[in-house]
Amino acid sequence: MMTPAGVQELVPEDRIRSRVAELARQIDEDYADAGEILLLGVLRGAFIFVADLSRALSIDRRVDFIALSSYERDARRGGVRLIMDSRVPIEGKHILLVEDILDTGRTLEYLLDAFAARKPASIRSCVLVRKPTQETQVTPDYVGFDISDEWVVGYGLDFDDRFRALPYIGTLDPDAID
Ligand code: IMP
Ligand code: MG
């Protein structure tokens with residue numbers, strides 16, 4: 001398949017697939033006695049990851065999504081805001097937050113605080129990609145891939161809402177795109 005201008009493949013499709021399967025096996029094990037978990041995907045970047053991860057799991061699980069205000073605006077404000085909440089009540093549930101990228105960690109830190117306040121039975125987090133740029137203390141429980149500090153797209157991840165549907169994760173050179 002043709003790679004779009006400005007994009008260079010970083011994590012091929014088959015490596016994503018096998019890593020998602022590994023994460024699912026780990027999560028199955030860790031939650032074997034939990035009964036049911038609620039996967040809470042962070043829109044929009046995590047939508048494909050959640051779709052694949054949720055299907056790779058064997059334990060009882062529900063899926064719901066939340067949405068946050070956009071990264072660009074947040075970066076300037078230094079804050080994060082929930083603009084779409086979960087429809088499933090959180091109290092008493094085993095929550096697994098599923099996020100696309102851990103960059104500074106502010107988004108995940110905010111979400112863990114916000115949802116822990118709703119008295120879940122437990123709360124953990126899973127990120128597809130982690131960059132070495134963290135400015136917070138949050139430690140995700142499950143990490144798909146550790147990468148260097150580059151902008152990545154594909155497999156749900158975007159640049160200006162583009163490239164989400166690429167089947168692989170690629171690095172992006174914004175100066176080289178069409
Ligand atoms: P943090 O709050 O700094 O950890 O930022 C996390 C959010 O920034 C992620 O949910 C992404 O939406 C966005 N983000 C950071 N780096 C990238 C990237 O390389 N590609 C796409 N989105 C990114
Ligand atoms: Mg995001």
Side-chain angles (χ1 to χ4, degrees), residues 1 3-13 15-17 19-20 23 27 38-54 63-86 90 95-117 123-178:
M1 191 178 30
T3 310
V7 177
Q8 212 188 335
E9 186 172 294
L10 179 70
V11 188
E13 212 178 333
R15 255 186 79 206
I16 299 175
R17 196 176 315 117
R19 185 68 188 127
V20 168
L23 289 172
I27 294 166
L38 173 62
L39 295 170
L40 217 45
V42 183
L43 292 174
R44 286 168 282 182
F47 80 111
I48 293 178
F49 184 36
V50 171
D52 286 348
L53 184 67
S54 61
V63 179
D64 200 358
F65 289 94
I66 56 176
L68 301 169
S69 51
S70 87
Y71 182 66
E72 285 75 19
R73 286 207 310 265
D74 291 334
R76 266 184 237 124
R77 264 211 317 264
V80 183
R81 198 165 51 95
L82 200 61
I83 56 172
M84 188 187 92
D85 207 339
S86 66
I90 301 302
I95 305 298
L96 182 58
L97 281 166
V98 184
E99 170 65 315
D100 55 356
I101 299 193
L102 188 80
D103 183 5
T104 65
R106 287 214 180 79
T107 306
L108 196 57
E109 186 179 60
Y110 165 82
L111 288 173
L112 286 167
D113 280 358
F115 283 89
I123 184 160
R124 287 186 183 174
S125 60
C126 174
V127 301
L128 175 65
V129 163
R130 174 168 61 188
K131 294 187 182 183
T133 36
Q134 240 182 284
E135 295 170 12
T136 54
Q137 298 300 315
V138 3
T139 307
D141 299 278
Y142 308 96
V143 177
F145 301 99
D146 277 297
I147 64 164
S148 57
D149 183 18
E150 286 183 282
W151 197 265
V152 282
V153 296
Y155 197 69
L157 316 177
D158 77 307
F159 173 73
D160 206 12
D161 267 324
R162 297 176 61 192
F163 310 112
R164 289 193 199 275
L166 292 174
Y168 51 84
I169 297 170
T171 55
L172 180 78
D173 174 1
D175 297 328
I177 62 181
D178 295 324

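Every number for a ligand or one of its atoms is a count from 1 in the order of the listing.
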Only one of L157, V20, D100 passes side-chain contact (heavy atoms from CB on, under 4.5 Å) with F49; say which it is.
V20
If only atom types and distance count, is the side chain of [X] paired as donor or acceptor with the main-chain N or O of [Y] below 3.5 Å?
X    : Y    : result
K131 : I147 : no
D141 : S125 : yes
R130 : G144 : no
T136 : T104 : yes

Considering both backbone and side-chain atoms of G105, is one of its nitrogen or oxygen atoms within less than 3.5 Å of a nitrogen or oxygen in ligand 1?
yes
Taking distance alone, with N or O pairs closer than 3.5 Å, would you say L102 contacts ligand 1?
no
If you compare V152, L157, V127 by their heavy atoms, the one closest to atom 20 (N) of ligand 1 turns out to be V152
Proximal ligand 1 atoms for [X], defined as those under 4.0 Å from one of its heavy atoms:
X    : result
T104 : 1 (P), 2 (O), 3 (O), 4 (O)
T107 : 1 (P), 2 (O), 5 (O), 6 (C)
D158 : 20 (N), 21 (C)

Compute the minimum heavy-atom distance from K131 to ligand 1 and say whether it is under 4.0 Å.
yes
Any E150 heavy atom less than 4.0 Å from ligand 1:
yes
Can you sort out the partners of Y142 under side-chain hydrogen bond (donor to acceptor under 3.5 Å, both in side chains), two or more places apart, ordered by chain and number?
D30, R124
Mind checking whether V42 contacts ligand 1 via backbone (N, CA, C, O), side chain (CB onward), both or neither, at a 4.0 Å heavy-atom cut-off?
neither
Please state which part of E99 comes within less than 4.0 Å of ligand 1, counting heavy atoms only: side chain, backbone, both or neither.
side chain
For residues 171-178, which side-chain N or O atoms pair as donor and acceptor with protein atoms under 3.5 Å away, sequence neighbours left out?
| from | atom 1 | to | atom 2 | distance (Å) |
| --- | --- | --- | --- | --- |
| T171 | OG1 | Q8 | O | 3.4 |
| D173 | OD1 | D175 | N | 3.1 |

